[in-house]
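So the structure is just underneath, and the comments pick up after that.
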Number of protein chains: 2
Amino acid sequence: MLTDRELMILKAIVQMYTNDGQPVGSKALVSQLPINVSSATIRNEMATLEGMGLLKKTHSSSGRVPSILGYRYYVDHLLKPDKVQSSDLRRIRASFNQQFQEIGDIVAKSADMLSQLTSYTAFTVKPELKDAKLEGFRLVPLGGHRVMAILVTDNGDVQNRTFTVPRNVDPEAIEAVIRIINDELVGLTLAEVFQKLKTSIPIQIGKYIETPEGFLDVFEDVLKKSATERFYVGGRLNLLDFSKQHDPGSIRSLYQLMNHSSDLADVLGSPDQNIRVQIGNEITNNLLKNYSLITATYDVDQHGKGVIAILGPTSMPYSRMIGLVGAFRTELARRLIDYYHDIDDI
Amino acid sequence: MLTDRELMILKAIVQMYTNDGQPVGSKALVSQLPINVSSATIRNEMATLEGMGLLKKTHSSSGRVPSILGYRYYVDHLLKPDKVQSSDLRRIRASFNQQFQEIGDIVAKSADMLSQLTSYTAFTVKPELKDAKLEGFRLVPLGGHRVMAILVTDNGDVQNRTFTVPRNVDPEAIEAVIRIINDELVGLTLAEVFQKLKTSIPIQIGKYIETPEGFLDVFEDVLKKSATERFYVGGRLNLLDFSKQHDPGSIRSLYQLMNHSSDLADVLGSPDQNIRVQIGNEITNNLLKNYSLITATYDVDQHGKGVIAILGPTSMPYSRMIGLVGAFRTELARRLIDYYHDIDDI
DNA sequence: CTTAGCACTCCGATGTGCTAAGTGCTAAAA
DNA sequence: TTTTAGCACTTAGCACATCGGAGTGCTAAG
């Protein structure tokens, strides 16, 4: 168990180090502490904290720096989330205070805002409704041989894609396909839709069109879009500032990671707690082992849950960041609830 | 006027420097030249070339490096475009050899290919048809209060956007609006459409809807999308490799430039010649004054002209790059002509 | 338990010497 | 007149030494 003074020292070291990035020496530390002891005493304490694995040195005669464990302890026991600055809150609200036409726009904007407020890289994920249902499907002829397929799900998502119809397909056949899809699939959950697409639907469509695969591919494609295009990244460039690793190779891999939504899904996961802080090698993905990740869910009532996250250096000012993420998630949830209220039938 | 030997030396220096990036000294140079002279002779020649401003030194006793003027001379008089490697040609064709659903996809893919082939950053611009005509306009109800607006132009461009209809608007009014737009605007050039949107249309629509501004904004928004979403960037990350300026500030500004299509339009311009090479400060934009830009148009017959470009270091291997850009532009043009052939009515 | 004092360590800045690669110049050779 | 060998000179880059400052651990006394 840690003594009160040890706690105080650990806390002070984390805060000083996250502020100016310099290893903290005993002299500098003693001048900041509210107690009156000599630097030698501090040195003894720091040595025991180091013995417990909470601090470490960058070289044999350097000041102390928190270890991963030290950050962990600080975050779990010492930290109190900062109240978010009112100017920040105003910025958030102002950015939400415009007319958005799609959920995606709001969530994308959120990633940008969050990255600006933190100067780090931010991720946002649209709310996922596990049992989202297919609400509507349209095929709109565009002239020539092109048709746009539009798919609407009951969580408000709209996806579309244009495609070219082979010349030998009869317009009536297309009508029939639309009818089949609307009769058979609308109202089902996406999982059920995928299921039926593999089984009964191809047979039914086959009665009208010789090669139903083309159509089904398009349909499946749009469905998948709806399932995967949920991730937004803001402040990619900030990575260049806070990343210590200046070798181009790992920076590249990081950027590739950010463009790959399935990898992002792995990294972000679905945090069970409300706000999760992962530090250094606690993050499962090896590329991120020198960074810290703060993840939080936001809850849009019956419209599911989404995720927001920020990625920064392990030496980030956790209390400010956690406060910010906490405030942001409630603002975002509120905004989305408003949005759904506007588009839903009453 | 330059002597033959001076030309030979200039050419060799540019080629050696663009190959390995090291300043070229008289000894190294003499060993590469087909003529039998001593290094002292070369030194004298290099001194005169430097006097003419075609070469420069990085420090008082360093080897020579081409100046902007030297590159210019090389590109204008000495260079012969490389025949593109057959393996590269195969890669290009393979990447085009799939079914694309939209022109934008082809052009975007081109930016990626071009950046991969060159290891630089590549830009592509969709063909622009100055007098593109509005070919169709659709409003598709999506359920709830949402409607998708779709706009098709006769150069094959499709743009869409969903929006929310105020509750108090009558479905018949929407029908009327669609009719008006189709009667009055379809078939006109985009410029004419913009014109009418400011004048007669609001009055006509005003008969059916109290606040026509909302509708017109949406319509105008989609129109603008069609006009501005023409730029694609590939290989952004390559910039990290070939950029000498490692200060984060200027890298940031460059990335911002790349995300700003109107700035890109300025930089790329509309090259009058077929392939234009701009070196260093010849590029109008100051951020790019340490790079070189190779721009080329491609011609899709009656469907307009587009632009492709690569951005790399001033010390790029020009002959290979120019050969590549030349080949790529014809491949891309061919592919797009095919595409239009497929979607157009025959 | 605390503290002053001291020996010790390491980083970083500064400076030195050396080498390799290159230059310009000169005077002789072609 | 052009070319060349030779030589003095310059510079970057590297290895190496030096030294002050910031920090530590340890010890012995308070």
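Any value given below was found using the heavy atoms of this structure, including those in side chains, with hydrogens, waters and symmetry copies removed. Chain letters run A, B, ... following the sequence lines, proteins first and then strands; every chain starts at 1. The structure presented is a predicted model; accordingly, all values stated were derived computationally and were not measured.
- Contact between the side-chain N/O atoms of Arg5(A) and the OP1/OP2 oxygens of dT2(C) is found at a separation under 4.0 Å.
- When both distances must be under 3.5 Å, the Watson-Crick or G-U wobble mate of dG30(D) is dC1(C).
- Aromatic ring centroids of Phe123(A) and Tyr232(A) lie 6.0 Å or more apart.
- In this structure, dG22(C) and dC9(D) make a Watson-Crick or G-U wobble pair, each of the two defining distances being under 3.5 angstrom.
- The distance from the CG atom of Leu293(B) to the OG1 atom of Thr284(B) is 9.0 Å, given to the nearest 0.5 Å.
- What separates CD1 of Ile42(B) from P of dA21(C) is a distance of 19 Å, to the nearest Å.
- At whole-Å resolution of the value, CD1 in Ile9(A) and P in dT2(C) are 10 Å apart.
- For the pair Met46(B) CE and dT23(C) C1', the interatomic distance rounds to 8 Å; values are reported in whole Å.
- Counting any heavy atom pair closer than 4.0 Å across all strands shown, Lys57(A) reaches sugar-phosphate atoms only and no base atom.
- Residue Ser60(A) places at least one side-chain N or O under 4.0 Å from the OP1 or OP2 atom of dC10(C).
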Working note: Leu254(A) + Tyr291(A), criterion side-chain contact (heavy atoms from CB on, under 4.5 Å); need CA distance, chi angles, decisive distance, verdict. CA-CA 11 Å; Leu254(A) 273 178; Tyr291(A) 302 90; 3.5 Å; yes

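- Distance CG (Leu29(B)) to C1' (dT23(C)): 14 Å, rounded to an integer number of Å.
- Comment: Asp88(A) engages Arg320(A) in a salt bridge, judged by a side-chain N to carboxylate O separation of less than 4.0 angstrom.
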Which atom pairs, donor and acceptor, lie under 3.5 Å between side-chain atoms of residues 70-79 of chain B and protein residues at least two apart or in another chain?
residue: Arg72(B); atom: NE; partner: Asp76(B); partner atom: OD2; Å: 3.2
residue: Arg72(B); atom: NH1; partner: Val277(B); partner atom: O; Å: 3.0
residue: Arg72(B); atom: NH1; partner: Glu282(B); partner atom: OE1; Å: 2.4
residue: Arg72(B); atom: NH1; partner: Glu282(B); partner atom: OE2; Å: 3.2
residue: Arg72(B); atom: NH2; partner: Asp76(B); partner atom: OD1; Å: 3.3
residue: Arg72(B); atom: NH2; partner: Val277(B); partner atom: O; Å: 3.3
residue: Tyr74(B); atom: OH; partner: Gln15(B); partner atom: NE2; Å: 3.3

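- Distance Arg43(A) CZ to dT3(C) C1': 9 Å, rounded to the nearest Å.
- Of the two residues contacting DNA chain D, namely Ser62(A) and Ala40(B), the nearest-nucleotide position lying further toward the 5' end is that of Ala40(B).
- Put simply, chain B comes within 4.0 Å of DNA chain D, heavy atom to any atom, from dT3(D) to dA12(D), going 5' to 3'.
- When the shell of 6.0 Å around NZ of Lys57(A) is examined, it contains more than 12 heavy atoms from other residues, nucleotides or ligands.
- A sub-4.0 Å separation between OP1 or OP2 of dT3(C) and a side-chain N or O of Thr41(A) is present.
- The interatomic distance linking Asn44(B) (CG) with dT23(C) (P) rounds to 11 Å, in whole Å.
- In this structure, CD of Glu6(A) is placed 11 Å from P of dT2(C), rounded to the nearest angstrom.
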Kindly determine whether Glu6(B) and Thr48(B) satisfy side chain to side chain donor-acceptor pair (under 3.5 Å), including the steps that lead there. CA-CA 9 Å; Glu6(B) 284 164 346; Thr48(B) 68; 3.3 Å; yes

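- Between the CG atom of Asn36(A) and the C1' atom of dT2(C) there is a distance of 13 Å, rounded to whole Å.
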